[in-house]
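Taking it in order: structure first as structure tokens, then the write-up.
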2 protein chains.
Amino acid sequence: MGTTQPETVPEPKYWHLKTVIGEALDSEFAVGEILPNERELAARFGVARATLRQALDQLELEGRLQRRRGVGTTVAPPRVGVDVSTSPNDWPGAGGDAWQAADCTLAVPPAAVARALDTEGDETVHIVRRLLVTHGRPVAAELLYVPAPSVPDLSAIDAPAGATRARAVLRELRRLTLDGQDRAVELGSARADDARELDRLPGAPVLVVTTRYFSGGRTAAASVATYRADTCRLTFGDAGDLEIRQPSRRRAC
Amino acid sequence: MGTTQPETVPEPKYWHLKTVIGEALDSEFAVGEILPNERELAARFGVARATLRQALDQLELEGRLQRRRGVGTTVAPPRVGVDVSTSPNDWPGAGGDAWQAADCTLAVPPAAVARALDTEGDETVHIVRRLLVTHGRPVAAELLYVPAPSVPDLSAIDAPAGATRARAVLRELRRLTLDGQDRAVELGSARADDARELDRLPGAPVLVVTTRYFSGGRTAAASVATYRADTCRLTFGDAGDLEIRQPSRRRAC
DNA sequence: GAGTGGTCTAGACCACCCT
DNA sequence: GGGTGGTCTAGACCACTCC
């Protein structure tokens with residue numbers, strides 16, 4: 001007798017599981033609904049818990065699940081679009097951006113940042129920490145590196161550190177004319193401090209957006225912003241409603 | 001006696017391992033160099049192979065390692081910058097873009113794409129498949145969806161399918177005036193077909209760039225491009241040399 | 001055939017959240 | 001205290017590459 005499937009390469013179990021569960025999410029679950037726990041799901045599908053977790057890991061990476069230790073696994077809402085397109089002549093903190101300045105310190109930046117800033121390796125810069133919160137959830141943490149020469153009149157300013165000083169640095173920065181900017185997006189994993197602020201575990205996947213700000217032929221500032229890759233989608237130019245994903249799902253009740 | 005560390009939360013082993021190996025990569029290995037195999041590394045660090053793999057998984061996610069089944073684990077070169085910033089009035093395939101048109105079919109698009117195109121659910125569209133190769137390596141695969149009304153004069157064209165027809169669709173598309181475009185970037189995992197073209201395993205992390213092209217008040221086309229997240233970095237506006245990463249490493253000999 | 005990374009198992013213990 | 005997800009182990013077998 002002939003074989004119906006000539007040369008089958010067996011599909012990994014976790015991959016098949018991911019497909020099955022993914023389809024179930026679309027048809028049988030509403031956003032926010034809680035799934036059976038991992039031990040039960042594993043038993044139900046007849047696999048080891050580690051294998052089931054491999055499937056859930058993927059679904060979480062795709063932003064379709066949300067897992068919280070001690071609580072459970074829930075169906076994630078669609079990713080929220082975060083507009084990262086700036087008019088090429090906007091400094092950070094200009095106009096109505098939703099970032100919250102959190103802190104400001106003076107320190108030597110990592111070597112890679114120093115290189116981007118064209119500063120010497122041991123030169124201290126202002127480091128402004130900001131947080132982006134939308135819909136009540138933290139979605140991004142940013143470090144903005146500002147060499148002292150970019151904000152020459154800062155010395156007389158009020159606060160020595162903290163949010164007040166952070167806002168002062170941003171305000172001083174806006175006095176420069178911005179000639180242009182540069183941007184790159186890549187995948188990374190959350191460092192411990194970012195993870196804490198983003199309410200995730202260290203190592204969680206993040207989208208890292210690095211930006212250089214040019215003024216007067218120099219790199220006047222640079223920023224490294226880490227966005228939660230599970231819950232958000234970076235949009236450029238008003239693509240906030242763009243949503244290419246699985247079939248539309250039922251809303252939470 | 002007092003405890004020197006008041007309330008220590010033990011750092012996971014794999015996290016510590018990742019740090020240790022990451023530092024070793026910077027100081028003791030050159031790009032392209034092959035690491036000891038996983039069983040030996042696990043033994044050397046006194047952990048189970050699964051734990052070691054968790055650390056390597058992270059380093060691979062960050063683009064610092066490259067693993068190939070049957071071959072071994074090598075130190076990855078720095079991510080290659082791929083410029084995805086388009087002049088707002090450029091159609092895909094215009095001017096000197098490096099994409100290779102591979103194929104063209106006529107099919108009903110996924111529901112989410114149909115929604116983005118404002119077409120009815122059962123309407124067939126041209127689907128152009130393209131591949132982006134830089135430095136001899138495939139870095140991205142794209143599906144471009146073009147509703148038939150966007151390329152009205154296509155019917156008389158030569159080839160019924162294949163690369164020739166793909167180029168014909170792109171050529172016809174360029175006859176429209178492009179009013180603007182939209183863009184979003186998010187994290188995804190490679191589908192089986194994309195994975196094959198990108199020389200990765202299914203489920204590998206990818207950066208998904210979705211673009212809508214507007215013309216004459218309509219969405220004239222939409223594309224979904226998947227970029228290898230391990231090997232590339234999306235750049236906007238000439239940030240090709242921007243590289244915020246770990247300390248610079250030695251080059252391959 | 002030997003060696004590599006990829007998948008899978010069946011357990012164990014831990015950190016965290018809720019009640 | 002009971003339940004959840006997160007970490008870890010010590011194995012096993014498989015798919016792939018290269019010699």
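Residue numbers start from 1 in every chain, and the chains themselves are labelled A, B, ... in the order their sequence lines are given, proteins ahead of strands.
Nearest-nucleotide mapping onto DNA chain C: of A:Val71 and A:Lys13, the residue sitting toward the 5' end is A:Lys13. Comparing B:Leu35 and A:Gly70 by the nucleotide of DNA chain C that holds the closest heavy atom to each, the one mapping nearer the 5' end is B:Leu35.
Looking at A:Gln66 and A:Thr74, their side chains never bring a donor and an acceptor atom within 3.5 Å of each other.
Across all their heavy atoms, A:Asp103 and A:Ala166 have their closest contact at O-CB, 3.4 Å.
OP1 or OP2 of D:dG3 has not a single side-chain nitrogen or oxygen of A:Asn37 nearer than 4.0 Å. OP1 or OP2 of D:dC8 has not a single side-chain nitrogen or oxygen of B:Tyr14 nearer than 4.0 Å. Between D:dT4 and A:Arg67, no contact under 4.0 Å exists linking OP1 or OP2 to a side-chain N or O. Neither OP1 nor OP2 of D:dT4 sits under 4.0 Å from any side-chain N or O of A:Thr73.
Separating the CG atom of A:Leu41 from the P atom of D:dG3 is a distance of 17 Å, rounded to the nearest angstrom. The distance between atom CG of B:Leu201 and atom C1' of D:dT17, rounded to the nearest whole Å, is 14 Å.
Looking at heavy-atom distances under 4.0 Å, B:Arg39 makes contact with a base.
Taking the six-membered ring for Trp and thresholds of 30 and 60 degrees, A:Phe236 and B:Phe236 have nearly parallel ring planes, at less than 30 degrees apart.
A donor-acceptor pair under 3.5 Å is formed between the side chain of B:Arg233 and the backbone N or O of B:Arg79.
Across residues 47-57 of chain B, B:Arg49, B:Arg53 each have a non-hydrogen atom less than 4.0 Å from an atom of DNA chain C (numbered order).
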